[in-house]
Number of protein chains: 2
Amino acid sequence: MQHNRTSIADMAKALNLSSSTVSRALNDHTTISAKTRSRVQQLARELNYHPNHLAASLRTGRSNLLGVLVPHIEGTFFASVVHGIETMATKAGFKVMICQSNEDVEHEKRNIDTLINAQVEGILVSLSRTTHDTKHFDKVHQRGIPLVFFDRMLDTRDVNAVVLDDYQGAYQVTTHLIEQGCRRIAHLAGPEHLNIYRNRRQGYLAALRTYGLAEDESLIISSDVTLADGAAGMTQLLALPPAQRPDGLFSASDFALVGALQTLKEHGLRVPQDMLLAGFSNEIFTSFTEPRLTSVDQRCEELGQETVRLFLEILAVGTATFQSRRIVLPPHLLIRESSKRG
Amino acid sequence: MQHNRTSIADMAKALNLSSSTVSRALNDHTTISAKTRSRVQQLARELNYHPNHLAASLRTGRSNLLGVLVPHIEGTFFASVVHGIETMATKAGFKVMICQSNEDVEHEKRNIDTLINAQVEGILVSLSRTTHDTKHFDKVHQRGIPLVFFDRMLDTRDVNAVVLDDYQGAYQVTTHLIEQGCRRIAHLAGPEHLNIYRNRRQGYLAALRTYGLAEDESLIISSDVTLADGAAGMTQLLALPPAQRPDGLFSASDFALVGALQTLKEHGLRVPQDMLLAGFSNEIFTSFTEPRLTSVDQRCEELGQETVRLFLEILAVGTATFQSRRIVLPPHLLIRESSKRG
DNA sequence: CTGAAAGCGCTAACAT
DNA sequence: ATGTTAGCGCTTTCAG
């Protein structure tokens, strides 16, 4: 079978016109007569013409490509953010190239190169868990490519970012537990070097201070906050002398919280009667467990949309003159049975 | 700031070489002296040179781009499949462009155009729920672009596809319920026009026949198998006269199954004592509910990897001569508490 | 081993 | 309103 890949030149020849005229007709230029335009567009349809964006991009210097770099797209959070990004980007005429770092800095570095080589007009990134510095993003700056971080970032000056107010979220949820009567609230904390986990921990500590509750190191357990980590954390907490046991738990991740819940049940303890629980992220399954789990919603779609919006602003202004900006979205506390006393 | 975007021509000038030599040196051609090669690569590093893939693609006719079109990437299934695709594609030197149809044919059509225009070298598709015919894929064929369907497809002749053996999965799970003592097994079925749901239904019916159980239309409820649909379906089942009520339920979706479970509990019924439950997809939350839910694992990652592998085969052979193939992966039944009698 | 020259498909000055 | 020409950055004959 002869593969039918019509070019502008082909159509120009067929219609006895010049390439420029055909190009203009296809792009609805005003300076083209209605008759020529319709003739061209008619033929394009007949021949099933598809423009070669590669060629157009090379010529115009505009690829209409937007690079997105996430740790992974499994799980609710990033999948939803990416969905928000995709929606907004498409609306603005951009195609999205998605790369996953698999939580590995080396992967992340390679992905950055891939995106640069693909001539993306902007890069939206959420850092991998193993990223401790961001030197590999310098070349993005050097090339004048708009760079926007979302959710996971390092606290460098002068970066564009869209983040959830993790501090506020943690503060609210901890306050809620205190108001429900908890006096010894444990915390399953995530890796310190990531802003989101550090902020959640700070918010938790701040709420304790506000209510005059003592901070207790034995109640703060750091891990990668997976389901297994949550289970292990709870085991550790239950091993404390009875007087030191927590009466409430705030987990920096819903996954870890489920692990903790399962361990509690295995020990014959009940929620919320024996311990109040609250998590973070509002994963879909927080409504599927028993009891349903209180959590903090991260407004994933909005986060994605705001990230694209910020990118578009930078693109319009130009990286050289754009004043770096950080957008902080307020979180939504969702109270469910796991944290309601009585 | 002057943006530093070095080209091959720039480097050629700097080193007093021709563009061709520089190009060859960068691509490790054998016909280049070791000295020149290292000089070039050295300079490239210093100047932070990044090749323009758009230009290379235009010249070579090879974009190294692979298009992926899924209904959405939220939820475990597609996110995992895409992850599998990404891993395998990257290994083969392809970048992945992901588009979401949002379960809308019109969107799907537009996405196909976008991918063709982007000059992708292949398209991997899982159909939207609202796709009833595949005429819009004809142009993909016409242009000789390898096309592979995965999971959701229509039963047309002569298509390349990688699917899970939904029939077998449904047959196994239904058989399991029967062996656990169920005699009246209900089925929450999905939209008939999609192969996966039709096959699950057929597998269910086949198992009933094998064991001489009568098919009962009142026990088969069709819907879009969302959580809400599952709840509604269970409400409908519980409204049946006691003698006609099911003692087991096989849902074509885990989400619908959770809806059904919640409704059962609201009615004061227990699982597995009052009804056995089993679902499909092995969503992460099937291990988080109480009881944990029996489900059929779809081997998402493998599915993604196989899809890419098939694409690579077609690419190697050429679409013109490639004999269409369908790859069917056997499913894994995961038995959990929700379907264990006693 | 290296260079000269052409061209992938498109668009945008600059003509007319 | 249309045509002419040049060139985006790269690769690849073909010729030395």
So [X], base contact, sugar-phosphate only, or nothing? Heavy-atom distance under 4.0 Å.
{"X": "B:S57", "value": "nothing"}
{"X": "B:N117", "value": "nothing"}
{"X": "A:T31", "value": "base"}

Sorted by chain and number, sequence neighbours left out, ring pair (Phe, Tyr, Trp, His ring centres under 6.0 Å) with A:H132 holds for A:H193

Mind checking ring pair (Phe, Tyr, Trp, His ring centres under 6.0 Å) for A:H72 and listing every partner two or more places apart, or none if nothing turns up?
-> A:F78

Show every donor-acceptor pair shorter than 3.5 Å between a side-chain atom in residues 303-312 of chain B and any protein atom, with sequence neighbours excluded, or say none if there are none.
{"residue": "B:E306", "atom": "OE2", "partner": "B:R309", "partner atom": "NH1", "Å": "2.6"}
{"residue": "B:T307", "atom": "OG1", "partner": "B:L303", "partner atom": "O", "Å": "2.6"}

Contacts under 3.5 angstrom, residues 117-126 of chain B side chains, donor-acceptor by atom type, not counting sequence neighbours:
{"residue": "B:N117", "atom": "OD1", "partner": "A:H50", "partner atom": "ND1", "Å": "2.9"}
{"residue": "B:N117", "atom": "ND2", "partner": "B:D113", "partner atom": "O", "Å": "3.4"}
{"residue": "B:E121", "atom": "OE1", "partner": "B:R62", "partner atom": "NE", "Å": "3.1"}
{"residue": "B:E121", "atom": "OE1", "partner": "B:R62", "partner atom": "NH2", "Å": "3.0"}
{"residue": "B:E121", "atom": "OE2", "partner": "B:R62", "partner atom": "NE", "Å": "3.4"}
{"residue": "B:E121", "atom": "OE2", "partner": "B:R62", "partner atom": "NH2", "Å": "3.3"}
{"residue": "B:E121", "atom": "OE2", "partner": "B:S63", "partner atom": "N", "Å": "3.0"}
{"residue": "B:E121", "atom": "OE2", "partner": "B:N64", "partner atom": "N", "Å": "2.5"}
{"residue": "B:S126", "atom": "OG", "partner": "B:F150", "partner atom": "O", "Å": "2.9"}
{"residue": "B:S126", "atom": "OG", "partner": "B:R152", "partner atom": "N", "Å": "3.2"}

According to the ring-ring contact (aromatic ring centres under 6.0 Å, His included) rule, which pairs have a member within residues 18-42 of chain A, sequence neighbours left out?
-> none

Quick one: A:L15 CG to D:dG3 P, roughly how many Å, whole number?
-> 10 Å

If the sugar-phosphate is the primed atoms plus P, OP1 and OP2 and the base is the rest, what is the B/S/- string for nucleotides 8-16 of chain D, using protein heavy atoms under 4.0 Å?
-> BBBBBB---

Taking only residues two or more places apart in sequence, or in another chain, which ones meet A:R39 in a side-chain hydrogen bond (donor to acceptor under 3.5 Å, both in side chains)?
-> none

Could I get the full list of salt bridge (Lys or Arg N to Asp or Glu O under 4.0 Å) partners for B:R24, not counting sequence neighbours?
-> none

Could I get the full list of salt bridge (Lys or Arg N to Asp or Glu O under 4.0 Å) partners for B:D133, not counting sequence neighbours?
-> B:K135

Walk along DNA chain C from 5' to 3' and tell me the first and last nucleotide with an atom closer than 4.0 Å to a non-hydrogen atom of chain A.
-> C:dG9 to C:dA13

Side chain to side chain contact (heavy atoms under 4.5 Å, CB included) with A:A12: which residues, sequence neighbours excluded?
-> A:S19, A:V22

Side-chain heavy-atom pair B:R325, B:I314 within 4.5 angstrom cut-off | no

The helix from C:dC1-D:dG16 to C:dT16-D:dA1: angle between terminal helix axes, five bp per end, to the nearest 10 degrees, reads 40°

